[in-house]
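This report refers to the structure that appears directly beneath it.
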Amino acid sequence: MQPSAAKMSKKASQKSGGLLVLHGPNLNLLGAREPEIYGRETLADIDRRLAATARVAGVVLTSFQSNHEGALVDRIQQAGREGLGFIVFNPAAYTHTSVALRDALAAVKIPFIEVHLSNVHARERFRRHSYFAEIAVGTIAGLGSQGYDLALAYALTRLTGGRGA
Ligand code: DQA
């Protein structure tokens, strides 16, 4: 019997192995928001650069930002259905509060790197705890927007079967 079209397309997308860059609340304000902490680049600048790097490597990269916890949970669940291969995630303030986002990542079992622009360990005490660090492949904090580039470089080696996988 022929597999149904729905099954076929699901199977095809599961093999897609694409990459999701996920940004949490207030990161839409990058560039204007506390630039002494978060830098002067906008989120669009960062996303554009990451997309260009992924394109060169032949990997499909999608970026998504939301100020809403549920929307981020939905996007992670969607990534699971799409069969994406890796997530680069800056959960922003939800880093320190969100069991729901951690559970979503644990449910889809997509490997991810937690990224923070600022050094969360050198700031207020409440920023030192992350609900994600324990289940992340790794965490990058304090390197500004370069942290995203470094996380992406690692993800690309994993997705394309290169060194570091
Ligand atoms: C952040 C650090 C978080 O503590 C903060 O709530 C953010 C951004 C960072 O990228 O440095 O919104 O994740």
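Computed from heavy atoms alone, side chains included, the values below leave out hydrogens, waters and symmetry copies. Order of listing sets the numbers, starting from 1, for every ligand and every atom in it. All residue numbers refer to positions in the sequence shown, counting from 1.
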Side chain or backbone of Ile37 under 4.0 Å from ligand 1, or both, or neither, by non-hydrogen atoms?
neither

min-distance protein heavy atom vs atom 9 (C) of ligand 1 -> Leu117 N, 3.4 Å

Donor-acceptor under 3.5 Å (Asp45 side chain, Thr42 main chain):
yes

His116 N/O to ligand 1 N/O under 3.5 Å
yes

Near Gln146 CD, under 6.0 Å, is it more than 12 heavy atoms from other residues, nucleotides or ligands?
no

For Arg127, which part has a heavy atom under 4.0 Å from ligand 1: side chain, backbone, both, or neither?
side chain

State if Arg33 counts as touching ligand 1 under the rule of any non-hydrogen atom under 4.0 Å.
yes

I'd like to know if the side chain of Asn119 reaches the main chain of Ala141, judged simply by a donor and an acceptor atom lying under 3.5 Å from each other, with no hydrogens or angles considered.
no

Please identify which atoms of ligand 1 are closer than 4.0 Å to at least one heavy atom of Val120.
2 (C), 4 (O)

Has Arg128 got more than 12 heavy atoms of other residues, nucleotides or ligands less than 6.0 Å from its CZ?
yes

May I ask whether Asn26 has any heavy atom positioned less than 4.0 angstrom from an atom of ligand 1?
no

Exam field: side chain Thr95 to backbone Ala92, donor-acceptor pair closer than 3.5 Å
yes

Could you tell me if the ring centre of Tyr148 sits under 6.0 Å from that of His23?
yes

At less than 4.0 angstrom from any non-hydrogen atom of Ser118, what atoms of ligand 1 do you find?
2 (C), 9 (C), 11 (O)

Can you list the atoms of ligand 1 that are under 4.0 Å from a heavy atom of His96?
3 (C), 4 (O)

Got an N/O contact under 3.5 Å between Ala93 and ligand 1?
yes

Look at ligand 1 and say whether Tyr94 reaches it with a heavy atom at a distance under 4.0 Å.
no

Side chains of Glu114 and Ser130: any donor to acceptor distance under 3.5 Å?
yes

Mark yes when over 12 heavy atoms from residues, nucleotides or ligands other than His129 sit less than 6.0 Å from its NE2; otherwise mark no.
yes

